[in-house]
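Structure, as structure tokens:
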Amino acid sequence: MERLAVYPGSFDPITNGHLDIIKRGLRFFDKLIILVAYNPNKSGLFPVEERMELIRQVVGDDPRIRVDSFSGLLVNYVRDSGAAVILRGLRALSDFEYEFQFAHMNRRLAPGVDTVFFMTDERNHYVSSSLVKEVASLGGDVTGLVPHAVVDALAAKYRRK
Ligand code: ADP
């Protein structure tokens with residue numbers, strides 16, 4: 001049977017931390033759906049379509065990866081997609097509390113769906129989309145923390161603002 005996992009997140013924008021989780025996820029799962037999960041009442045820096053486009057550029061043409069977006073209850077998407085696993089990354093203790101609640105709530109809502117965590121890579125443990133945006137907005141160099149396409153997209157965004 002094909003092992004399919006859904007990796008949900010805001011991805012506003014995708015960072016090298018996310019990419020690391022994706023690459024490692026592909027060692028354990030046959031297919032991965034990278035899901036830009038969004039709240040229609042909250043706007044991020046990048047519109048959902050741009051976030052998806054950046055992810056596509058960065059992961060390239062890999063038949064094992066699908067990029068999608070969704071704004072409803074995550075477990076409904078996961079069940080409809082036929083996946084049984086939600087993939088998440090864990091950085092420091094600060095992620096744990098939230099991820100713990102999120103995983104338990106999802107298991108309560110959908111007992112057949114489980115969450116698998118990958119511990120952050122030592123090079124990316126402090127990398128988050130929000131910190132990267134803050135640094136880039138102040139003119140700091142984020143090369144090495146995000147893929148090149150994202151460095152350029154951030155520069156363009158903040159130049160326009
Ligand atoms: P969310 O808003 O749902 O937390 P994010 O895009 O910030 O979405 O993150 C998606 C997932 O990727 C989360 O599980 C988060 O912990 C994980 N993640 C983000 N950055 C890193 C990183 N540097 N290393 C490991 N996991 C990460």
Side-chain angles (χ1 to χ4, degrees), residues 4-29 31-59 62 64-78 81 83-110 113-137 140-151 153-154 157:
L4 169 69
V6 176
Y7 179 31
S10 311
F11 301 105
D12 184 34
I14 186 166
T15 67
N16 286 350
H18 294 129
L19 259 186
D20 173 58
I21 301 293
I22 293 167
K23 283 187 189 142
R24 287 156 62 198
L26 285 172
R27 296 215 300 261
F28 292 89
F29 300 102
K31 289 223 162 105
L32 212 56
I33 299 177
I34 305 174
L35 186 68
V36 178
Y38 66 97
N39 176 344
N41 301 318
K42 274 197 213 156
S43 60
L45 176 65
F46 292 93
V48 172
E49 274 308 319
E50 275 181 48
R51 294 182 214 174
M52 293 171 73
E53 190 44 47
L54 281 172
I55 297 170
R56 284 195 198 99
Q57 274 185 45
V58 168
V59 298
D62 189 326
R64 296 172 299 170
I65 297 178
R66 196 165 97 214
V67 183
D68 202 359
S69 68
F70 187 65
S71 69
L73 193 64
L74 177 66
V75 288
N76 289 344
Y77 180 95
V78 174
S81 71
V85 171
I86 297 171
L87 179 62
R88 296 284 287 177
L90 271 183
R91 279 163 298 195
L93 280 180
S94 52
D95 274 343
F96 183 80
E97 185 83 26
Y98 174 74
E99 295 291 343
F100 184 79
Q101 291 183 346
F102 188 61
H104 277 287
M105 180 58 79
N106 285 334
R107 203 159 55 195
R108 180 193 167 90
L109 294 170
V113 174
D114 230 314
T115 308
V116 168
F117 295 97
F118 282 139
M119 195 78 79
T120 183
D121 179 88
E122 70 210 21
R123 285 164 304 167
N124 297 309
H125 66 95
Y126 61 97
V127 179
S128 69
S129 299
S130 47
L131 189 54
V132 161
K133 283 185 281 194
E134 193 175 337
V135 170
S137 75
D141 184 9
V142 292
T143 309
L145 307 178
V146 293
H148 293 301
V150 176
V151 174
L154 282 166
K157 237 345 145 203

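It should be emphasised that the depicted structure is a prediction, and the values quoted were computed from it without experimental measurement. Just follow the structure's listing: the first ligand is 1, and inside any ligand the first atom is 1.
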Within ligand 1, which atoms have a heavy atom of [X] less than 4.0 Å away?
{"X": "Glu99", "result": "13 (C), 14 (O), 16 (O)"}
{"X": "Ile21", "result": "25 (C), 26 (N)"}
{"X": "Gly9", "result": "3 (O), 6 (O), 8 (O), 10 (C)"}
{"X": "Asn124", "result": "22 (C), 23 (N)"}
{"X": "Phe11", "result": "6 (O)"}

Notebook entry, point to check: ligand 1 versus Tyr98, non-hydrogen atoms closer than 4.0 Å: side chain, backbone, both, neither?
Noted result: neither

Notebook entry, point to check: Backbone, side chain, both or neither: what part of Ser128 comes under 4.0 angstrom of ligand 1, heavy atoms only?
Noted result: neither

Notebook entry, point to check: Which pair of heavy atoms, one from Pro13 and one from Ser129, lies closest together, and at what distance?
Noted result: O-OG, 2.8 Å

Notebook entry, point to check: Is there a heavy atom in Pro8 that sits closer than 4.0 Å to ligand 1?
Noted result: yes

Margin query: Yes or no: does Phe117 have any heavy atom under 4.0 Å from an atom of ligand 1?
Written below: no

Check: Is a donor on one side and an acceptor on the other found under 3.5 Å between the side chain of Asp114 and the backbone of Val85?
Finding: no

Notebook entry, point to check: Nearest protein heavy-atom contact for atom 15 (C) of ligand 1: which residue, which atom, what distance?
Noted result: Gly89 O, 3.6 Å

Note to self: Using the rule side chain to side chain contact (heavy atoms under 4.5 Å, CB included), only one of Asp68, Ile86, Ile34, Val36 pairs with Pro8; which is it?
What the structure shows: Ile86

Margin query: Which option wins on minimum heavy-atom distance to atom 3 (O) of ligand 1: Met119, His125, Arg88, Arg24?
Written below: Arg88

